[in-house]
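All remarks here apply to the structure that follows.
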Amino acid sequence: MTFSITTWNINSVRLRMPIVEQLLKERQPDVLCLQETKCPNELFPFEPFRALGYEHIEIHGQKGYHGVAVISKLPLSEGHRRDYCSVGDARHISVFLSPGGKRIRLHNFYVPAGGDEPDRSVNPKFGHKLDFVEEMRALRADSEDGVSSILVGDLNIAPLEHDVWSHKQMLKIVSHTPVETEGLLAVMREGNWLDLMRAHVPHHEKLYTWWSYRAKDWAAADRGRRLDHIWSSPDLGPHLKAIEVLKEARGWERPSDHVPVTAVFDF
DNA sequence: ATGGTCGACACTCGA
């Protein structure tokens, strides 16, 4: 069977329901993982998802900020939420699912952006981001026998040289500083995670998932960053059939500044 | 070199 999973930082799920429905109708991923839903749990728009055949939904939201959700055509079980850094933010949710009989633990993350100043002594938000990534190091892709893992989300770090429009000009910009990129690569290495987007797209090719709202013309400037990621345990690598970054979604009506990223597997 | 744009919620914060 084919199994597809999409991750998208939606920057307010309620405001953006029209384009979320557009994505689901056009692409029909089996699972959609959202970040920055900015929606309290009691106000989450369950009905439009159910109407499109997405009957299995696990959410972790809060008022005003952050928030993550897993929306699925396939049954979900064993939902967990971890409060990274113990600050009460809704930035992680994990579920279990079995596409085609394959047992998979799925993690959906929204890593803190980290503010503007890349120095934890003057910017506590940057320290929080580093602490969050440090805590992610404990997460192993192959911790349980017979269970594969997928990790998706807005990790707010562009780890590789060609994950940003200008490596040199970005070295002191939060999201591409060495302490962040090395930290994220350590999470990947120590947890035995495979970067599926880069398994599919050569490292020398530019690859972005986010374009700032502040650019006059985001497409002409094309100063993007790869902040959104799909990782898996190594055993799923040979099953990966495609990666799609839906760049056109950045030009949709009232867009998010992030675009959907989809991985397609054959199990 | 600097300021530029969003969204939530209630005027400022986080991104």
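Order of the sequence lines fixes the chain letters, A, B, ..., with proteins taken first and strands second; residue numbering starts at 1 for each chain. The figures that follow rest on heavy atoms only: side chains count, while hydrogens, waters and symmetry mates do not. Because the structure is predicted, anything quoted here is derived from the model rather than measured.
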Expressed in angstrom and rounded to an integer, what is the separation of [X] atom [atom1] from [N] atom [atom2]?
{"X": "A:Glu36", "N": "B:dG7", "atom1": "CD", "atom2": "P", "value": "11 Å"}
{"X": "A:Asn123", "N": "B:dA15", "atom1": "CG", "atom2": "P", "value": "10 Å"}
{"X": "A:His66", "N": "B:dG14", "atom1": "NE2", "atom2": "C1'", "value": "7 Å"}
{"X": "A:Trp210", "N": "B:dT5", "atom1": "CH2", "atom2": "P", "value": "14 Å"}
{"X": "A:Asp116", "N": "B:dC13", "atom1": "CG", "atom2": "P", "value": "14 Å"}
{"X": "A:Leu227", "N": "B:dA15", "atom1": "CG", "atom2": "P", "value": "13 Å"}
{"X": "A:Phe126", "N": "B:dA15", "atom1": "CZ", "atom2": "P", "value": "13 Å"}
{"X": "A:Ile157", "N": "B:dA15", "atom1": "CD1", "atom2": "C1'", "value": "15 Å"}

Given the [atom1] atoms of [N] and [M], what is the spacing between them in whole Å?
{"N": "B:dG7", "M": "B:dG3", "atom1": "P", "value": "22 Å"}
{"N": "B:dG4", "M": "B:dA15", "atom1": "C1'", "value": "14 Å"}
{"N": "B:dA1", "M": "B:dC6", "atom1": "C1'", "value": "23 Å"}
{"N": "B:dC9", "M": "B:dG14", "atom1": "P", "value": "14 Å"}

Ignoring backbone atoms, test whether [X] places a side-chain nitrogen or oxygen under 4.0 Å from the OP1 or OP2 oxygen of [N].
{"X": "A:Lys63", "N": "B:dA10", "answer": "yes"}
{"X": "A:Arg91", "N": "B:dA15", "answer": "yes"}
{"X": "A:Arg14", "N": "B:dG7", "answer": "no"}

First of A:Lys125 and A:Leu15 reached from the 5' end of DNA chain B, by closest nucleotide: A:Leu15
Residue whose closest nucleotide on DNA chain B lies nearer the 5' end, A:Asn9 versus A:Arg254: A:Arg254
Sugar-phosphate only, base, or nothing, as touched by A:Lys216 at under 4.0 Å among non-hydrogen atoms: nothing
Touch class at under 4.0 angstrom, heavy-atom based, for A:Arg250 against every strand present: nothing
Pairwise side-chain contact, A:Val87 with A:His128, heavy-atom cut-off 4.5 Å (strictly under): yes
Nearest non-hydrogen partners of A:Leu227 and A:Ala158, listed with the distance: CD2-N, 4.0 Å
A:Asp195 and A:Arg226 ion-paired at < 4.0 Å: yes
Option among A:Arg225, A:Lys206, A:Arg198 that satisfies the salt bridge (Lys or Arg N to Asp or Glu O under 4.0 Å) test with A:Asp163: A:Arg198
Under-3.5 Å donor-acceptor pair between A:Arg214 side chain and B:dA15 base: yes
Shortest side-chain distance from A:Ser12, nucleotide among B:dA15, B:dG7, B:dA10: B:dG7
Closest nucleotide among B:dA15, B:dG14, B:dT5 to the A:Tyr213 side chain: B:dT5
ring-ring contact (aromatic ring centres under 6.0 Å, His included) partner of A:Tyr84, the single match among A:His107, A:His66, A:His60, A:His92: A:His92
Qualifying residue, where the test is side-chain hydrogen bond (donor to acceptor under 3.5 Å, both in side chains) with A:Asp228 and the options are A:Asn156, A:Thr209, A:Thr7: A:Thr209
